[in-house]
Amino acid sequence: MSDIDTSRRTFVVGAGLATAAAGASPALAQEAANAVGAPTTPAAAAYPKPPFPPQRQPWPGLASKMTPRPDHGETSYKGSGKLTGKRALITGGDSGIGRAAAIAYAREGADVAINYLPAEEPDAREVIALIRAEGRRAVAIPGDLRDEGFCRKLVEQAARELGGLDILVNNAARQQTKPAIADISSADFDATMKTNVYAPFWLTKAAVARMTAGAVIVNTSSEQASDPSEDLVDYALTRAAVLNFTKSMAKQLVSKGIRVNAVAPGPFWTPLQVSGGATQEKLQAFGSTSPMGRPGQPAEIAALFVAAADPSLSYSTGQVFGSTGGGGQPA
Ligand code: NAD
Ligand code: MG
C-alpha cells in the first residue's frame with residue numbers, strides 16, 4: 001500500500017458531502033467528480049473535495065459554522081523556531097488563511113496580535129487559546145479596518161502590548177460576488193477598497209514608523225490579481241493593487257532593512273467564500289477548476305507565511321509566494 005491512504009477518511013468525508021450536496025446541479029456534481037487530483041501527501045488525501053453542501057452565512061462568517069470545518073493546522077502544524085522572539089500583528093487572524101498563519105507563527109516562536117471584526121469574537125477566541133497553548137503572548141484587538149484612526153490605534157496597541165513589532169501581515173479582505181458592474185454600489189466599492197487597499201496602506205504606514213531593520217511586511221494577494229473572475233470585479237482589482245504595493249514598498253524599504261513579500265493563494269476553503277464571496281453554484285463546486293480538483297485548506301498555506309517572514313530568507317523581498325493547487329501564479 002502507498003504511504004498515502006485515500007481509502008477510509010476520504011470515503012467518509014466524500015459520502016457525507018455527497019449527501020449534503022444533493023441539491024447541487026448534476027452537471028456541477030459531475031464536473032466536481034471528474035476533477036480530482038491524486039493526493040500529494042497523507043494529510044492531503046483526507047482533505048475534502050467538491051461537491052460541497054450549500055451553505056450561506058452573513059458577512060463576515062465564522063469558520064466554526066462551516067461544513068466541513070476548515071483545517072487551519074490546529075492539530076498538524078509543527079514549528080521549528082523559525083520566528084523565535086518575533087512580534088507579529090495579523091489582520092483577519094481569527095479565521096481562514098490568517099488563522100493558519102497565526103497558529104504557525106505561534107508554533108514558530110512568535111508572539112501574535114490578531115485583528116478581526118467584533119462579530120468574529122467566537123473564532124478569535126479559539127485562535128487566542130491556540131496561541132497561548134504554545135506559551136506565546138496573544139493579543140486580541142477587534143475593530144473595523146475601514147477606519148484610518150482605528151488602523152493607527154491597532155498598530156500602536158499591538159506594538160505596545162507585544163513590546164514592539166517585527167512582522168505585519170495585511171491579510172484581512174472583503175469579497176462579495178456581484179454578477180454585473182451595475183450591481184456594485186458605490187458603498188460596496190468603497191467598502192472593498194477601504195478594507196483591501198486603504199487598510200494595508202494605513203497599517204503599513206503606521207507599522208513602518210515603528211519597525212527597525214529585520215522587520216517584515218507580508219501582504220495576502222491572490223491568483224485573482226492576474227486572472228480575475230467576472231463576478232469579483234472590485235475584489236480582484238484590490239488583489240492586483242496589493243501585489244503592486246508589495247513590489248513598490250519592497251524597493252522603498254530596502255534602505256531600512258525591512259522586507260515586504262506577498263502570499264498569493266488560489267481557492268481556499270474559508271469563511272470569505274460562504275459569506276457572499278461566491279455564488280452557491282461556485283461554492284458547491286469550489287476548487288474544481290484548480291488542477292488538483294479541490295480547494296486548499298488554510299493549513300496548506302501557513303508555511304508560506306512563515307517563509308515570507310523567515311529571517312533566514314534575508315535576500316527575499318518583493319517576492320510572491322504562491323499556493324494555487326497547480327493554477328496560475330500572479331507575477
Ligand atoms: P476569512 O474570511 O477567513 O478572512 C478574511 C478576514 O478579513 C475576516 O476573518 C475578517 O476578520 C477580516 N475583515 C474583513 N473585513 C474587515 C474589516 N472591515 N475590518 C477588520 N477585519 C476585516 O477568509 P480568507 O479566505 O482566509 O481571507 C484571507 C485573505 O486571503 C484575504 O486577503 C483574501 O483576499 C485572500 N485570499 C483568499 C482566497 C480564498 O479562496 N479563500 C483566495 C485568494 C486570496
Ligand atoms: Mg473571520
Side-chain angles (χ1 to χ4, degrees), residues 82-83 86 88-93 96-102 104-105 108 110 115 145 151 155 165-175 192-193 195-208 211 214-229 232 234-254 256-268 270 272 290 296 298 300-331:
K82 290 193 177 78
L83 302 177
K86 301 291 183 193
L89 166 61
I90 303 175
T91 65
I97 290 166
R99 178 194 290 213
Y105 278 21
E108 294 291 354
N115 162 253
L145 293 173
C151 285
V155 171
L165 190 64
D166 305 297
I167 304 170
L168 167 66
V169 181
N170 284 311
N171 168 75
R174 176 184 194 269
Q175 175 186 320
T192 304
M193 295 305 136
T195 312
N196 300 9
V197 180
Y198 277 71
F201 165 69
W202 291 325
L203 295 167
T204 298
K205 199 184 221 185
V208 166
M211 285 174 156
V216 186
I217 297 167
V218 183
N219 297 320
T220 307
S221 179
S222 170
E223 63 180 359
Q224 291 284 327
S226 57
D227 186 15
S229 298
L232 295 176
D234 53 340
Y235 167 82
L237 77 84
T238 71
R239 301 304 75 189
V242 157
L243 202 66
N244 193 281
F245 183 52
T246 300
K247 293 180 181 182
S248 61
M249 288 307 300
K251 289 175 189 162
Q252 185 180 118
L253 296 179
V254 159
K256 291 185 188 294
I258 298 171
R259 295 184 295 125
V260 188
N261 288 315
V263 176
F268 273 75
T270 71
L272 190 86
S290 110
E300 298 181 274
I301 199 168
L304 290 186
F305 282 84
V306 173
D310 185 343
S312 73
L313 290 171
S314 45
Y315 196 60
S316 297
T317 190
Q319 309 299 311
V320 185
F321 296 75
S323 176
T324 61
Q329 159 81 348

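From a predicted model like this one, the values you see are computed outputs, not experimental measurements. Throughout, residue positions are numbered sequentially from 1 according to the sequence presented.
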Output the distance between atom CG (Asp310) and atom NZ (Lys82), rounded to the nearest 0.5 Å.
6.5 Å
Taking the side chain as everything from C-beta on, heavy atoms only, tell me whether Val208 gets closer than 4.5 Å to Ile217.
yes
Would you check if Thr238 and Gln175 make a side-chain contact, meaning some heavy-atom pair closer than 4.5 Å?
no
Tell me whether Asn261 contacts the main-chain N or O of Ser316 through its side chain, where contact means a donor paired with an acceptor under 3.5 Å.
yes
Which is it for Phe201 and Cys151 under the side chain to side chain contact (heavy atoms under 4.5 Å, CB included) test, yes or no, and what are the steps along the way?
CA-CA 10 Å; Phe201 165 69; Cys151 285; over 6 Å; no
Any residue meeting ring-ring contact (aromatic ring centres under 6.0 Å, His included) with Tyr198, in chain and number order, not counting sequence neighbours
Trp202
Close side-chain approach of Thr220 and Phe305, heavy atoms under 4.5 Å:
yes
Where Ala264 and Thr324 come nearest, the two heavy atoms and their spacing:
O-CG2, 4.0 Å
Do Ser222 and Leu243 have side chains that get closer than 4.5 Å, going by heavy atoms?
no
Taking the side chain as every heavy atom from C-beta outward, state whether Leu203 and Leu145 have any atom pair closer than 4.5 Å.
yes
Work out which heavy atom in Ile90 is nearest to a heavy atom in Ala101; give both atom names and the distance.
CD1-C, 4.0 Å
Can you name the one residue among Val197, Val242, Val260, Thr204 that meets side chain to side chain contact (heavy atoms under 4.5 Å, CB included) with Asn170?
Thr204
To check you understand the geometry: which heavy-atom pair defines the closest contact between Leu165 and Ile167, and what is its length?
CD1-O, 3.5 Å
Closest heavy-atom pair and its distance - Pro267, Ser290:
CG-CB, 4.2 Å
Atom pair CE/CD1 of Met249 and Ile258 - distance to nearest 0.5 Å:
8.0 Å
Checking the side chain of Asn171 only, and the main-chain atoms of Thr91 only, is there a donor and an acceptor separated by less than 3.5 Å?
yes
Val320 side chain near Ser221 side chain, heavy-atom distance below 4.5 Å
no
What I'd like to find out is whether the side chain of Leu253 reaches to under 4.5 Å of the side chain of Met211, using heavy atoms alone.
no
With a 3.5 Å distance limit and no angle check, can you tell me whether Glu300 reaches the backbone of Pro298 through a side-chain donor-acceptor pair?
no
Side chains of Ser229 and Gln224: is there a donor and an acceptor less than 3.5 Å apart?
yes
Polar side-chain atom of Arg259 near backbone of Leu313 as donor-acceptor pair, under 3.5 Å
yes
Could you pull out the closest heavy-atom pair between Ile97 and Pro265, with the gap in Å?
CD1-CG, 3.8 Å
Do the side chain of Arg239 and the main chain of Asn196 share a donor and acceptor less than 3.5 angstrom apart?
yes
How far apart are the closest heavy atoms of Ala250 and Thr317, and which atoms are they?
CB-OG1, 3.5 Å
Can you tell me how far apart OG (Ser323) and CD1 (Ile301) are? Round to the nearest 0.5 Å.
4.5 Å
